[in-house]
Amino acid sequence: MSLALAGGILLVHWLHALRVPFINDDYVFLDMVRDRAFASLWGTSRLMFGWWRPVSREFHYWALERTIGARELPFHVASLLLALAVLAVYYRLARRLAGARAAAIASAGVAVMAAWAVPMVWVAGAQELWMLLFALLCIDAFAFGSVWIAAPALAVALLSKETAAVVPGIALAVAIATRRFAPRATLLRVLPLAAVTVAWALVHPAVRAMLTGVAHGAGSADGTTVTSPAAIVLHTLRVPVNLDQPPAPDHGWMSVLVRAAPSIVLVVLAVVWAFRNERREGGGSPAAGAGTGVPALALVPRSRAADIVSPASTDPRPLDSTHLAACTIVWALLGWLPVLWPALGWHSYYTLLGAFGVWLLAGAWLARERSVALTVLIALAVLRAGQAATPSLDWGTEWYQNRAAAFVQFLRADLLQREPRPAPHSRLFFGGVPSNVGFLTAGAPALRVWYGDSTLSGGYMSQYAARGAGAAPGPDRFFRYDSTAGWVELRTLDEPAAARAENPRWEADHRELAAVFARARDWTAAAHEYARLATAADAPLKSATDAGVCFAMAGDSTAAARWFALAARQPGADDEVKAFARRFAHHLSAVP
């Protein structure tokens, strides 16, 4: 029941994620695995962003896309199931180490953390969930099961995310604290985990490059608002209590209390159940045990090789407070160690593994007094709701993810309505998109997923480049986002006559489009845009001059001469413009 209530807390917080669309990197992964064979998912030659995560990225997206299609709901259901599995394994491990009451409170505390935002809201956050699940399975199996289960679990965790490299140290600390093995057997037992980690490090291109000092393109601190080591440490320590950023809800605290009400109810039920059903759950808190003379599990000297692999079958008792504190502090420190890597950048969900250790110790402490446990967990439920409503530029927060989801959902729906079926080999370019909404990545894989057409490409207008000589021909389309009208298409050669009247920003749009072409050195396209502006806009002198320059750069001297001549006849034409007109005049005389 305690586990069910903790799972309920997690679900009421994150059920809204079922409606969140794919965002940003999701489209990269979907596009990359669409036509991949199963065997090709596991190699290191076609890595996305330089990271080798074949389980949590390639296989995860490949399996779901192949079986269900590129639809968000099944992906979110998979993430929810992974998160519930993480919580179940954590509860099992916490119960073995600290007792049923402490495990119930620790699990509720973990479930109420705001740091779940990216794993639960963003489909790509499944990478973290795969790592957490198999990291906990490894720790549990190493301390209480078989090392031949722990080693494969570690391998899956490492192939899900690189931060699992600290798991062998955490597993060793937990095993030493339980004292289920003689010291020599414990050290021998960790060798398979060490071997798995070393083999993984030697194969992983980014890790191997880091170890050898060779530059590699993996890792990015983009999007983080925490940069200095002191700030990283401070923010990390505040994550377990939902204070990594000061809560400042944009609609006031009353709306926060309403939003937090369901989780508060479940938190109260979880704490009440934990204290009233301790014996039925199968064990007390370590604090209670330590105070009444319940000893820690006695050291069991073992010498047989088989006993190094699997522990004795003695039912484990909760650790005493000293051993629990020691192993959980080591757990937290090792779990948080990766956030100090400068290239990684800091986001709260990176600290989840370490926070699990903190909450194991906090659960044991809170298990001493029901009123204190209730007060702390209710406060954290309110703070979590406050965090979710606090505006932030950190993409690791729930507010950011929800904002990005809302924008992407609208941008996609509006584009599909305005352009339901682009021509094959079309390129679509976009401008005016609000920053930090996760709309497009390089090459616009989102377009290929939305339309189911592998020939489509595009990007932001600033990424426009003329088609290469060997590229397949197709139309280039340009769209500007308008906060009141949605997408506004900027047509080039086939624009309807009424387009200018329908678009109050027509001149500014086409001037920007001409500048996009000029920056990309697509001189012919730029020249045509400036020519159109010279005949339709209010400043023919500048536009005609720009058209002449662009035609000249494109090698069309005759067209350049015409537009320089037009510019020279305009009021206000200076000596430089007239000089251009005279220099190109002979090209006009050569025309029959």
Side-chain angles (χ1 to χ4, degrees), residues 17 20-36 41 44 46-65 69-76 78-79 82-83 116-132 159-163 205-206 216-224 343-350 352 392-398 400-409 411-412 430 433-451 454 456-460 463:
V20 172
F22 293 125
I23 304 171
N24 213 346
D25 294 352
D26 292 327
Y27 294 111
V28 178
F29 304 150
L30 289 166
D31 186 52
M32 286 288 288
V33 303
R34 178 186 292 125
D35 300 320
R36 298 273 290 272
L41 302 175
T44 61
R46 297 175 61 186
L47 301 184
M48 291 174 270
F49 307 117
W51 296 118
W52 186 40
R53 300 174 184 174
V55 171
S56 63
R57 288 201 314 203
E58 281 85 348
F59 174 74
H60 181 81
Y61 280 85
W62 179 88
L64 289 173
E65 188 176 25
R71 296 184 292 120
E72 289 93 340
L73 180 59
F75 280 82
H76 283 300
S79 293
L82 282 169
W116 289 94
V118 166
M120 301 304 293
V121 177
W122 190 12
V123 168
Q127 297 169 89
E128 196 76 21
L129 296 174
W130 276 96
M131 186 276 291
L132 291 172
L159 294 176
S160 297
K161 197 166 185 183
E162 292 73 16
T163 47
H216 192 273
S220 172
D222 290 347
T224 184
L344 183 65
W346 189 94
H347 301 287
S348 61
Y349 72 99
Y350 294 161
L352 279 171
S392 173
L393 294 178
D394 180 353
W395 56 257
T397 61
E398 183 177 354
Y400 181 105
Q401 291 293 324
N402 286 336
R403 173 179 178 269
F407 265 104
V408 170
Q409 199 160 29
L411 296 175
R412 178 179 66 179
F430 304 89
V433 181
S435 59
N436 302 315
V437 298
F439 175 54
L440 286 181
T441 53
L447 299 175
R448 295 187 284 279
V449 175
W450 292 343
Y451 291 105
S454 61
L456 301 180
S457 61
Y460 292 106
Q463 298 169 328

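- Scanning all heavy atoms of the two residues, the minimum distance from Arg448 to Ser454 falls at CD-O, 3.5 Å.
- Side-chain atoms of Val433 and Tyr460, non-hydrogen and from C-beta on, do get closer than 4.5 Å to each other.
- Two residues are said to be in side-chain contact when any heavy atoms from C-beta on lie closer than 4.5 Å; Arg36 and Arg46 meet this criterion.
- With contacts defined as side-chain heavy-atom distances shorter than 4.5 Å, the pair Leu132/Pro119 does not qualify.
- Taking every heavy atom of both residues into account, Val121 and Ala17 meet most closely at CA-CB, 3.9 Å.
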**OP:** Please report the C-alpha distance between Arg34 and Val449 in whole Å, then the side-chain angles of each, then the deciding distance to 0.1 Å, and finally whether the side chain to side chain contact (heavy atoms under 4.5 Å, CB included) criterion is met.
**Re:** CA-CA 9 Å; Arg34 178 186 292 125; Val449 175; 3.5 Å; yes

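- When all heavy atoms are compared, the tightest approach of Glu58 to Pro54 is OE1-CA, 3.4 Å.
- Although no hydrogens or angles enter the test, the distance criterion places no donor-acceptor pair under 3.5 Å between the side chain of Glu65 and the main chain of Ala70.
- Counting only heavy atoms from C-beta outward, the side chains of Val28 and Phe49 approach each other to under 4.5 Å.
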Original post:
Between Glu128 and Val118, is a side chain to side chain contact (heavy atoms under 4.5 Å, CB included) present by the stated rule, with each step listed?
Top reply: CA-CA 9 Å; Glu128 196 76 21; Val118 166; over 6 Å; no

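- Distance alone, capped at 3.5 Å, is enough to place a donor-acceptor pair between the Arg57 side chain and the Trp51 backbone.
- Pairing each heavy atom of Trp122 with each of Ile23, the nearest pair is NE1-O, 3.0 Å.
- With sequence neighbours left out, the side-chain hydrogen bond (donor to acceptor under 3.5 Å, both in side chains) criterion links Trp116 to no other residue.
- In terms of the ring-ring contact (aromatic ring centres under 6.0 Å, His included) criterion, residue partners of Tyr61 (sequence neighbours excluded) are, by chain and number, Phe29, Phe75.
- Arg403 meets the salt bridge (charged side-chain N to carboxylate O under 4.0 Å, His left out) test with no other residue; sequence neighbours excluded.
- Side-chain contact between Leu30 and Pro445 is absent, with no heavy atoms from C-beta onward closer than 4.5 Å.
- In this structure the side chain of Thr163 reaches within 4.5 angstrom of the side chain of Met131, judged on heavy atoms.
- Heavy atoms only, all atoms of each residue included: Glu398 and Ala117 are closest at N-CB, 3.5 Å.
- With rounding to the nearest 0.5 angstrom, the CZ atom of Phe22 is 13.0 Å from the CG atom of Asn24.
- Rounding to the nearest 0.5 Å places CE of Met48 at 5.0 Å from CE of Met32.
- Side-chain contact between Tyr349 and Met120: absent, with no pair of heavy atoms (C-beta onward) separated by less than 4.5 Å.
- Ring-plane geometry between Trp395 and His347 is classed as tilted, the angle between the planes lying from 30 to 60 degrees on a 0 to 90 degree scale.
- Looking at heavy atoms from C-beta onward, Asp394 lies out of side-chain contact with Tyr400 at the 4.5 angstrom threshold.
- Closest approach of His60 and Ala126 over heavy atoms only: NE2-CB, 3.6 Å.
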